[in-house]
Amino acid sequence: MGPGAAARGSPSALLTRAMERVEGAEGTRISRIAMDILGPVPLGELRTRARVVRPGKRIELVESELEAGGRNVARSSAWRLRTSDTETVEQTVEPRRELPDKDMDSSFFTQWTSGYIDSLQIRGAADGTVWARPRYPLVAGETVTPVVQVMCIADIANGVGAVLDPARWRFLNTDLVTHLHRLPRGEWIGVRANASIGPDGVGTTSGTLFDESGEIGNTLQSLLIEAV
């Protein structure tokens, strides 16, 4: 989520969890998740629902909604693709990056007063990559899947890629699109991101996602930019 997010945890992760729990074609996995934020996500009881809207043996489209107080506050869709063995032609653009030994100074994210940011353990590297993992379970008593693990972290790209002073500007992301060419290994997810600001109050943040073995995917967010 962008600055001002209200959830203690990631709404995109909750929506992804719901979509993964919908029964689908055997041997498929999520490759792309597109989440739209429809309103503030409050602390309190949240409900999810999900369904397959485009079934198929090789390609499926799944949708989910997040409800709070009787209204939808976020929605998401995901493509599930059939997997096969392509290990001999595996390749990525970005080099492998090292996970730092020490947590990042918490002042890095103090400009975002958010239960979501507070729920993460964060480390920063000299190359600008920010690594994070959740401090708490997304759902009590459950271990998250690899895709949900990524979505617990991917929302921080807007903050990682910030180029404007948050004391003077608001830059709110209205969505989050995440592509995963590989499932992550381990708990820590790395994010490198950069923002582009247009002349008319609209911008974008693009990011690259890592685990300790290398690049796993990319993110893209639309930004609404306003002077404070």
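Model, not experiment: these values are computed from the prediction.
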Inset, instruction - Indicate whether any N or O donor in one side chain lies under 3.5 Å from an N or O acceptor in the other, for Gln121 and Arg133. - result: yes
Legend entry - Residue pair Glu20 / Thr145, side-chain donor-acceptor N/O under 3.5 Å: yes
Legend entry - Pair Asp101 + Arg123: basic N to acidic O under 4.0 Å: no
[X], [atom1]: over 12 other non-hydrogen atoms inside 6.0 angstrom:
X: Arg54; atom1: CZ; result: yes
X: Arg168; atom1: CZ; result: no
X: Glu142; atom1: CD; result: yes
X: Arg75; atom1: CZ; result: no
X: Trp188; atom1: CH2; result: yes
X: Arg96; atom1: CZ; result: yes
X: Arg49; atom1: CZ; result: yes

Legend entry - Option among Glu23, Glu60, Glu26 that satisfies the salt bridge (charged side-chain N to carboxylate O under 4.0 Å, His left out) test with Arg80: Glu60
Quick one: does [X]'s side chain get under 4.5 Å of [Y]'s, heavy atoms only?
X: Asp155; Y: Asn158; value: no
X: Ser77; Y: Arg32; value: yes
X: Thr174; Y: Asp36; value: no
X: Val41; Y: Val73; value: yes

Inset, instruction - Indicate yes or no for a side-chain donor-acceptor contact from Asn72 to the backbone of Glu65 under 3.5 Å, with no hydrogens or angles considered. - result: no
Inset, instruction - Pick out which of Ser222, Ser12, Ser76 makes a side chain to side chain contact (heavy atoms under 4.5 Å, CB included) with Asp175. - result: Ser222
Legend entry - Result of checking Leu172, Thr205, Thr204 against Leu223 for side chain to side chain contact (heavy atoms under 4.5 Å, CB included): Thr205
